[in-house]
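What follows is a set of notes on a single structure, which appears directly below.
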Amino acid sequence: KRGSVSNSLIKSSLLSTETQTTQSPPNESTQTKTEKASKMFFQKSALSLLYATAAMSLLPEEAAGAGSNLRNKSRRLKKSTKCTIAVAVELRLDPTVDPGEQFECEFDEINSPNGVGGQIYPIKGNPSQMAEFKKMFNNGLIKPGASELEVGEMEAMYDGTAVILNPNANVPDHVTLPEQAGRRLAVTKGEKPILFVRVTDVNGLVYPHSAAVMGDNVFGTLGDPVNLKSQLFDCSHGQLEVIPGDAYGKETVPGVLDVTIDLDITNSANDRYIIHNAASAAAVAKLGFSLPGPYQQVMFSVEKCYTGCGWAAYAYINSWMSVYQAQYYFMTGVQVHELGHNFNLAHSGGLDGATYTDHTCMMGNPLYSDDVGKMCYNPAKNYQLNWYDSAKSNFKVYDGQSISQELVGIADYLNNPNGLPVTLRLQIGDTNPPSGAYFVGFNRAAGANAQNDEADDEVTIIETGNNGEGYSQSFLKAHLIQGESYTIINFGGSGKDLVITAKTIDLTVSPGYADVIITYGSAPEPTDPPTDPPTDPPTDPPTAPPTAPPTDPPPTNPPTRAPTAAPTTAPPTNAPTAAPPTNPPTAAPTQSCSTMDDATCRSSAWCTLSGGKTKTCNSVDGGGGETTPPPTASPGDGGGGGTDSCATTDKKVCEANACVWSKGSCVPPAMDLGCSSISDLQTCLDSGCSWNNGQKYCF
């Protein structure tokens, strides 16, 4: 029983155990020794159970008397010990590498093996146990940040670095969801206090941005134009406001806490768990309370990753914590991506089926840049978030019907007098939507979504699980320009197909909109209604009027006189030879979007490569589809890449004035830092440039 075993008995048990472990036959192989040790580790013998129970029943000072090395040995956790199941997701620099969700234990200070709250350790189990975690998670039976694991009841062991499950324990029997778990769910409206922790290691290694600069890159406190605070505010249309967390006088600058850890982060023995737990403990010690405390999110920044790398950042699903290495902390796209995981959003895969290659969505890893980050989420994620509740539609389809529906982009959510939806969830009649739900949206590249990276101003179709109401990997299935269609075969297992057609995309009005036709089952093709009206009117009118006028003299003379006079007079002759008329014709071909190759289009100030399919012309301010080139500064106005013409914060104006957009600033060509010539992500970022991950170019 608890506390009924003397220290001398514990010591004798320990001695007996060590003797059994070390006295092996001299010719026994290392593998055999390891197998025996593993078996002894988990066997339910009276001796090991007595030792583990007695050790965990001791008071702290008694444990020290029994031998301070007890805390450094594998030991069974107390029967009552529970942990919150945390699920970590990494943002990999190589999108082809996908370690998947990682299941971990987060301990509060009551259950923590070392008495410090906010500590997180990986869960290690046999393959069938880890598969069970994955299965329960995918089926919604594990809610990250809320569900608890009864590790004590499972007779799990703690070795100082991980929670190791008893291989005989059945995972589903020990997963619970407390009634009060709802308070742990992600908050996506109102004020959001965030603490940013700037970590310095024992050797003084810290990312070389001051606390003030770091605060500016997260909260915009010094005027940073695009950051976590500004982008979440804009995407939510003011419903979510990030504010610097109050550290009660311990902060270096508003929202930023400096801590030093007694670890060498370059030591290969120190993995991300050890470093994070040390940083978390240092923050707790400095603040005087456990994390997350009064903060909804806590962001940690470390100088660099040296062990188990390949990630830009990682975050916990439906949780409070995210970690950033090196320069990735200040990249808005990375910040919004990681906070998306905290909001319970999964990754967004692309047409290629990879984990995060949907570059119409911040959960698809599109942008590595400081001030290029004006993007939000895709229609499935927009449905899951509660920012657009009045513009979410459960779109019901019926066999034999073809229904038209107009959509606006999220940038026009509040500029929407007709109350058009921003996202459609498709379902058959009044039945529940299929688990593999489909969503339709209009990917308007404007406002908070102006720097969208794929399928600008196209209709996008997304598939996801859990009816789109919870954490689930989504995939971009199609993006449509006007006139294109996409067919969902056997929609919802019904045996009938569903066809989505982008009938009209109109950017000439405000708000711009897309009109889609959704046809289910045996409905007539959406091309039938427009066929009749165009056929009749053009047939009769053109036949009669053109026949009579040409036989009359009056119509014949005017066309003859006008062309004859103009060429014979002096002014028309001189005009073509003059310099001004000569220049525009030479400029126009270089500015014709339709004749450009893809690379030239991307680098042009006023052409847009849309979804890799169409090139459209833009005005200087990025507005809707003008075919007339933007005015370029003349040499007399300081144009041609002069210092004055480069004094702009608008990339399109910069390039239209023959300047170069480099590292987020407009500079004369002579000051180009060479970003555009770099072809790989890591070199690009190490050079201080930005990277477009969707179209794979450095800028």
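- No side-chain donor-acceptor contact under 3.5 Å links T332 and D370.
- Remark: of the listed residues D457, D456, D506, D457 is the sole one forming a salt bridge (charged side-chain N to carboxylate O under 4.0 Å, His left out) with R444.
- For the residue pair T504 / D515, no side-chain donor-acceptor distance below 3.5 Å is found, with atom types taken as modelled.
- Looking at N415 and S510, their side chains do bring a donor and an acceptor atom within 3.5 Å of each other.
- Counting only N and O atoms by type, the side chains of Q296 and K192 include a donor and acceptor under 3.5 Å apart.
- In terms of modelled atom types and a separation under 3.5 Å, the side chain of N418 and the main chain of L420 share no donor-acceptor contact.
- A side-chain donor-acceptor contact under 3.5 Å links S322 and Y324.
- For the pair N443 (side chain) and A455 (backbone), a donor-acceptor distance under 3.5 Å is present.
- When atom types are taken as modelled, the side chain of N467 and the backbone of E469 share no donor-acceptor pair closer than 3.5 angstrom.
- Between the side chains of S404 and K503, no donor-acceptor pair is found at a separation under 3.5 Å.
- Using a distance-only test at 3.5 Å, with no hydrogens or angles considered, no donor-acceptor pair links the side chain of Q297 to the main chain of I194.
- In this pair, H347 and H337 present their aromatic rings tilted. The plane angle is within the 30 to 60° band.
- The sulfur atoms (SG) of C361 and C376 lie 2.5 Å or more from each other.
- Partners of Q239 according to the side chain to side chain contact (heavy atoms under 4.5 Å, CB included) rule, which considers only residues two or more places apart in sequence or in another chain, are K189, S236, W387, Y413.
- For the residue pair S402/T519, the side-chain donor-acceptor check at 3.5 Å is satisfied.
- Evaluation of the ring-ring contact (aromatic ring centres under 6.0 Å, His included) rule for F137 yields F103, Y471 as partners, not counting sequence neighbours.
- No side-chain donor from either of D216 and N227 sits under 3.5 Å from a side-chain acceptor of the other.
- Of the charged side-chain nitrogens involved, at least one lies within less than 4.0 Å of a carboxylate oxygen, so that E241 and K229 count as a salt-bridged pair.
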Problem set entry | Residues S369, M331; criterion side-chain contact (heavy atoms from CB on, under 4.5 Å); working and verdict | CA-CA 5 Å; S369 176; M331 298 180 178; 5.8 Å; no
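- In this structure, the side chain of N342 does not engage the main chain of N318 through any donor-acceptor pair within 3.5 Å.
- At distances below 3.5 Å, at least one donor-acceptor pair connects side-chain atoms of Q231 with backbone N or O atoms of A448.
- Among residues at least two apart or in separate chains, side-chain hydrogen bond (donor to acceptor under 3.5 Å, both in side chains) pairs with a member in residues 487-499 are S494-Y520.
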